Amino acid sequence: MGATVLTDIMYVTVYVTDQERALEFYTEGLGLVKHIDVAGPDGRFLAVGVADSPVKIILWPHAPAAGQPVEPGAAPGPLVIESDDLREDFTVLRGRGVAFVEDEPQDYPFGVRVEAVDPDGNRISLRQQRFGGQG
């Protein structure tokens, strides 16, 4: 087997029913930045992300619940976003009207986690690592 030549993750896709509503949630609610917004042959190509991250989140129009597990809670949501101070960010985001599954961030062996929910029901796992490195 040869060495892989893949170099980076460019995009992940979140299916949304209303791109404008999703854009407002992801930028004004979560505080992400709009990186791409162009009309294309397959529709509007809209992508947001963390300001300095090379990974972009495509907000792609699709039917409700597209890409969601059949059983609620059966699988993690499509996004995991890291925070340096999740408890503080939770307070700020809740103040902006972001809905959460839990009443407050929960402690885990890897750190702290809480799940936000976008207007289409997509879960976004917000995490703060307890120690440096992946986890």
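Computed from a predicted model, the values in this text were never measured in an experiment.
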Residue list, side-chain contact (heavy atoms from CB on, under 4.5 Å) with Val38, at least two apart or on another chain: Ile36, Phe45
Can you see which heavy atom on His35 is nearest to which on Ala51, and at what distance? CE1-O, 3.8 Å
With sequence neighbours left out, the residues meeting side-chain hydrogen bond (donor to acceptor under 3.5 Å, both in side chains) with Asp107 are Arg87
Distance-minimising heavy-atom pair for Arg123 and Glu115: CD-OE1, 2.9 Å
Other cluster members, Val101 - Ile/Leu/Val/Met/Phe/Trp/Tyr, side-chain contacts below 4.5 Å: Val117
Honestly curious: do Val50 and Val80 fall in one hydrophobic cluster under the side-chain, below-4.5 Å linking rule? no
Identify, with sequence neighbours excluded, every residue that meets salt bridge (Lys or Arg N to Asp or Glu O under 4.0 Å) alongside Glu20. Arg44
Identify whether Val98 and Phe90 are in the same connected component of the hydrophobic contact network (ILVMFWY, side-chain heavy atoms under 4.5 Å). yes
Glu82 side chain to Gln128 backbone, donor-acceptor under 3.5 Å: no
Mind checking side-chain contact (heavy atoms from CB on, under 4.5 Å) for Arg21 and listing every partner two or more places apart, or none if nothing turns up? Thr17, Asp18, Pro119, Asp120
Treat each ILVMFWY residue as a node, draw an edge where side-chain heavy atoms are under 4.5 Å apart, and state whether Tyr15 and Ile9 are in one component. no
Could you state the interatomic distance from NZ (Lys34) to CD1 (Ile57), rounded to the nearest 0.5 Å? 15.0 Å
Are Val112 and Ile124 linked, directly or through other ILVMFWY residues, by side chains that come within less than 4.5 angstrom of each other? yes
For the residue pair Ser83 and Asp89, what are the closest heavy atoms and their distance? OG-OD2, 2.5 Å
Using the side-chain hydrogen bond (donor to acceptor under 3.5 Å, both in side chains) criterion, which residues pair with Asp118? Sequence neighbours excluded. Tyr26, Asn122
Test your reading of the model: is there a side-chain donor-acceptor pair from Glu104 to the backbone of Glu102, 3.5 Å cut-off? no
Sort out for me which residue in Ile58, Leu30, Leu59, Val14 forms a side chain to side chain contact (heavy atoms under 4.5 Å, CB included) with Val48. Leu59
What is the minimum heavy-atom distance between Val16 and Ala22, and which atoms define it? CG1-CB, 3.6 Å
Check whether any side-chain heavy atom of Leu23 sits under 4.5 Å from a side-chain heavy atom of Gln19, and report yes or no. no
Looking only at heavy atoms, the pair that brings Leu32 and Gly49 closest together is CB-O, 3.5 Å
Can you give me the closest heavy-atom contact between Leu86 and Leu126, atom names plus distance? CD2-O, 3.3 Å
I'd like to know if Val33 and Leu46 are part of one continuous hydrophobic network [Ile/Leu/Val/Met/Phe/Trp/Tyr, side-chain heavy atoms within less than 4.5 Å]. no
